[in-house]
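Contents: one structure, followed by commentary.
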Amino acid sequence: MTMHNEDVAAAFEEMADLLAIRGENSFRIRAYRRAAQVVRGLARQLADLGGTEAFDELPGIGTDLAAKIAELLETGHARALEKLRKQVPAGLRELLALPGLGPVRVRALYSGLNVEGIEDLRGALADGRLAELRGFGPKIRSQLLAATAAASSGPRRVAFSVATQYARPLKAYLERVAGVTRVEIAGSYRRGRDTVGDIDVVVCAAEGAAPIQALERYDDLQSLNAAGTTKASGVLRNGLPLDIRVLPKESFGAALHYLTGSRDHVVQVRRLAQKKGLKLSEYGLFRGAKRLAGATEEGVYAALGLQWIPPELRENLGEIAAAQRRALPMLIERADLQGDLHAHTSASDGNDSLKKMAAAAQTRGLRYLAVTDHSKYLGITRGLDAARLARQMDEIDKLNATLSDLTLLKGAEVDILEDGSLAMADAVLKRLDLVVIAVHSQFGLSEAKQTRRILRALERPYVSILAHPFGRLLGGRPGYPLDFERVLAAARDRPCYLEINSQPTRLDLDDAYAKRARDGGALLSIASDAHSADQLDYLDDGVRQARRGWVTKDDVLNARPLHELRALLRDTLR
DNA sequence: GCCGTTTTCGGCCCGACTGTTTTCAGTCG
């Protein structure tokens with residue numbers, strides 16, 4: 001079996017859990033968790049990195065963990081993990097995941113009552129045995145009762161676009177509370193992650209009680225689990241957890257920084273402060289009792305000798321070192337996009353006419369819009385054959401003649417068939433301004449077959465952009481396995497450009513692959529894949545992922561003005 | 001287990017809230 005980075009990360013996380021349950025040194029446990037995080041964030045596969053020496057170079061990974069990575073890659077197992085699994089019942093891990101249960105209580109449950117999993121815990125709660133266990137009073141018992149009941153439904157992350165629907169009204173509601181001067185949604189939402197696990201809110205107010213009382217009356221709140229004077233946590237009606245902090249304005253920037261995270265980023269910045277003899281908390285940056293900064297994030301970063309780091313980069317993946325060198329990338333912005341290179345009309349499976357799509361592009365300030373309706377192929381409703389595509393091209397010519405500030409480009413989204421050939425004849429594709437190719441079937445092929453299929457498609461003469469390269473659907477299906485390094489190299493050298501599809505449930509390439517593509521020298525197309533006029537706004541979502549991938553204006557095909565774009569597209573049609 | 005322009009040993013981010021205690025441990029973010 002091939003061990004991927006995710007498998008190695010999962011092994012380290014499991015080891016961390018098992019060590020925690022055994023009551024081992026917490027810093028040792030933290031080292032395993034950090035290693036899992038580092039491995040998960042790697043741009044390249046560990047297997048391609050070399051050997052033990054190369055692993056040892058990774059941050060947070062020393063001799064011991066480097067050897068364990070090598071062992072996992074070579075054998076698919078880690079003896080240390082196997083040993084731990086024999087010592088700790090498997091069910092204890094699921095207990096550790098329950099809210100309210102940490103390593104100490106899990107150990108108490110196991111040693112005191114032989115509870116080895118959620119089922120046992122339910123039993124111990126039901127027959128009253130748990131009440132006799134020291135440290136498990138009535139409050140904790142009822143909390144655990146709720147937790148065991150909720151465990152079956154399970155915690156889940158929601159798409160960013162779903163979180164927005166809850167975060168925006170909540171922000172607006174809190175902004176109306178008396179004494180509140182500012183409200184920001186922080187956390188992974190502010191960092192622009194594709195999925196969001198909870199809503200973190202930072203409220204600026206002189207006194208904390210009023211906003212938290214107001215929250216208790218909020219319509220969309222399901223329950224409040226904990227509520228103090230500056231901090232509360234609860235659950236929204238859709239099941240999304242909520243955390244709120246209220247701080248005065250002299251601390252607001254420090255609090256925003258702290259709650260925006262990521263946790264690893266914040267810890268690293270705090271360590272940096274510590275090295276300088278300072279202390280950073282959500283209340284500010286302090287030397288002794290003296291507050292050096294805290295009102296703004298910019299002030300906190302500046303006082304530590306750092307550039308302000310855009311939230312999308314705060315993943316402890318090198319952004320802190322770059323900020324020290326004042327070498328952060330100038331991230332792409334929505335306003336940099338001159339056009340959109342993937343959109344559908346009612347000619348295939350879109351909702352709106354060519355004319356309406358053009359008007360929507362104009363109102364959004366786009367200078368060009370590529371019309372890329374589907375080719376005729378099984379599974380795609382109303383795909384265009386050569387004759388209908390020819391009629392659409394005439395229609396585009398006529399419309400272009402009436403448009404002054406927008407140019408419609410003639411394109412198609414053509415299926416990559418299982419053998420790597422395309423679902424439309426070269427003679428037809430040749431007449432287009434650009435050809436978007438994509439996989440819409442046979443997601444279950446092996447990595448070798450899927451890779452070969454796409455590499456063959458990239459050898460075709462008329463191929464401009466590879467759309468949604470992994471075919472993933474958030475909450476639907478994971479991306480198919482692909483040797484991305486080979487696809488990237490082939491696309492770059494051809495050239496064919498790689499798409500960051502902006503559909504909120506796709507976001508494909510994702511942030512990490514966008515970074516790899518950029519580092520590998522590929523040009524990217526940030527495309528809406530709009531199936532209606534409104535969906536042109538999805539470009540915001542694509543830009544957010546691109547920013548998380550350290551993507552700059554120079555890395556983006558559709559940040560180029562039309563004449564440059566045309567020249568680049570001509571290179572793809574030969 | 002990692003790491004080092006204060007250290008190769010002795011540190012390792014910082015604080016809020018809760019519950020069950022009698023001064024604090026555990027959990028969480």
Side-chain angles (χ1 to χ4, degrees), chain A residues 12 15-16 19-21 23-38 55-69 78 80 95-109 130-131 133-144 147 155 186-188 197-202 208 212 224-234 241-247 251 254-286 294 300 304-305 316 320 324:
Chain A
F12 283 166
M15 292 184 74
L19 289 167
I21 292 166
E24 302 280 344
N25 179 298
S26 62
F27 298 107
R28 189 175 164 221
I29 293 158
R30 188 187 297 173
Y32 277 95
R33 294 204 194 283
R34 167 115 203 272
Q37 190 85 19
V38 166
F55 306 149
D56 199 356
E57 295 296 304
L58 296 170
I61 291 175
T63 320
D64 187 281
L65 289 174
K68 288 194 172 72
I69 293 174
L95 289 180
L96 194 62
L98 293 181
L101 283 188
V104 176
R105 288 188 187 131
V106 167
R107 215 162 42 247
L109 286 169
L130 196 61
L133 199 58
R134 185 180 166 77
F136 289 82
K139 290 286 181 63
I140 287 180
R141 291 203 304 277
S142 75
Q143 189 187 349
L144 289 179
S188 53
D198 65 357
I199 303 284
D200 294 296
V201 191
V202 195
I212 287 173
L224 213 55
N225 311 325
T229 54
T230 74
K231 171 175 171 169
S233 61
L242 168 77
D243 282 297
I244 180 171
R245 286 297 294 265
V246 186
L247 292 105
S251 295
L256 185 58
H257 174 257
Y258 161 64
L259 275 142
T260 296
S262 65
R263 180 187 299 240
D264 283 356
H265 172 91
V266 170
V267 167
Q268 279 305 112
V269 174
R270 285 183 174 182
R271 283 200 187 126
L272 186 65
Q274 197 184 35
K275 277 185 198 156
K276 292 174 185 286
L278 310 174
K279 185 183 69 168
L280 178 62
S281 74
E282 59 265 49
Y283 293 99
L285 181 68
F286 296 89
V300 172
L304 290 167
N316 192 27
I320 295 170
Q324 276 178 312

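Only a predicted model underlies this, so the values are computations on that prediction, with no experimental measurement involved.
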**Message:** Heavy atoms only, 4.0 Å cut-off, all strands: where does A/Lys139 land among base, sugar-phosphate and nothing?
**Reply:** sugar-phosphate

| message | With a cut-off of less than 4.0 Å, is there a side-chain N or O of A/Arg270 near OP1 or OP2 of B/dC13? | response | no

* To do: For A/Ile244, answer base if it contacts any base atom (sugar-phosphate contacts may also be present), sugar-phosphate if it contacts only those atoms, and nothing otherwise; contact means non-hydrogen atoms under 4.0 Å.
  => nothing

Of the candidates B/dG15, B/dC12, B/dG19, the side chain of A/Ile140 sits closest to B/dG19

Distances under 3.5 Å between protein N/O atoms and the N/O atoms of nucleotides 3-6 of chain B, please, pair by pair.
unit_1, atom_1, unit_2, atom_2, d
B/dC3, OP1, A/Gly60, N, 2.7

### Distance between P atoms of B/dT27 and B/dT20 (Å, rounded)
13 Å

Closest of B/dG15, B/dT20, B/dC12 to the A/Arg271 side chain is B/dC12

- Kindly say if A/Tyr258 contacts the phosphate of B/dC13, meaning a side-chain N or O under 4.0 Å from OP1 or OP2. no

* Reckon A/Val104 touches a base, only the sugar-phosphate, or nothing at all at heavy-atom distances under 4.0 Å? -> sugar-phosphate

Considering every strand and a 4.0 Å limit on heavy-atom distances, what is the contact class for A/Ser26: base, sugar-phosphate, or nothing?
nothing

Determine, step by step, whether A/Glu24 and A/Arg107 satisfy the salt bridge (charged side-chain N to carboxylate O under 4.0 Å, His left out) criterion, reporting the C-alpha distance in whole Å, the side-chain angles of both residues, the deciding distance to 0.1 Å, and the verdict.
CA-CA 12 Å; A/Glu24 302 280 344; A/Arg107 215 162 42 247; over 6 Å; no

Is A/Ala273 touching bases, backbone alone, or none of the nucleic acid, heavy atoms closer than 4.0 Å?
nothing

Verify the contact: side-chain N or O of A/Arg30 to OP1 or OP2 of B/dC13, cut-off strictly under 4.0 Å; return yes or no. yes

*Using the C1' atom in both, what is the distance from B/dT8 to B/dC2, to the nearest Å?*
12 Å

- Message: Categorize A/Leu280 for me: base, sugar-phosphate, or nothing, with a 4.0 angstrom heavy-atom threshold over every strand shown.
- Response: sugar-phosphate

Distance check, C1' atoms only: B/dT21 and B/dG26, in whole angstrom units.
13 Å

Does A/Ser233 have a side-chain nitrogen or oxygen under 4.0 Å from the phosphate oxygens OP1 or OP2 of B/dT18? no

**Prompt:** Heavy atoms under 4.0 Å, any strand shown: does A/Leu101 hit a base, just sugar-phosphate, or nothing?
**Reply:** sugar-phosphate

Closest of B/dT21, B/dC2, B/dC13 to the A/Leu65 side chain is B/dC2

Syn within 90° of 0, anti beyond: B/dT7 is syn

In whole angstrom, give me the gap between the P atoms of B/dG1 and B/dT5.
23 Å

Winner on side-chain proximity to A/Lys68, out of B/dG1, B/dG19, B/dA16, is B/dG1

ask   = If you look at every strand shown and take non-hydrogen atoms under 4.0 Å, does A/Gly100 touch a base, only sugar-phosphate, or nothing?
value = sugar-phosphate

Taking the C1' atom of each, how far is B/dC12 from B/dT6, in whole Å? 15 Å

DNA chain B nearest-nucleotide lookup for A/Gly137 and A/Leu278: closer to the 5′ end is A/Leu278

Quick note, A/Pro138 side chain, CB onward, closest among B/dC14, B/dT20, B/dC2 is B/dT20

Worksheet item: For A/Asp198, which contact category applies under a 4.0 Å heavy-atom criterion: base, sugar-phosphate, or nothing?
Response: nothing

Item to check | Between B/dC13 and B/dG19 - P atom distance, rounded Å | outcome: 28 Å

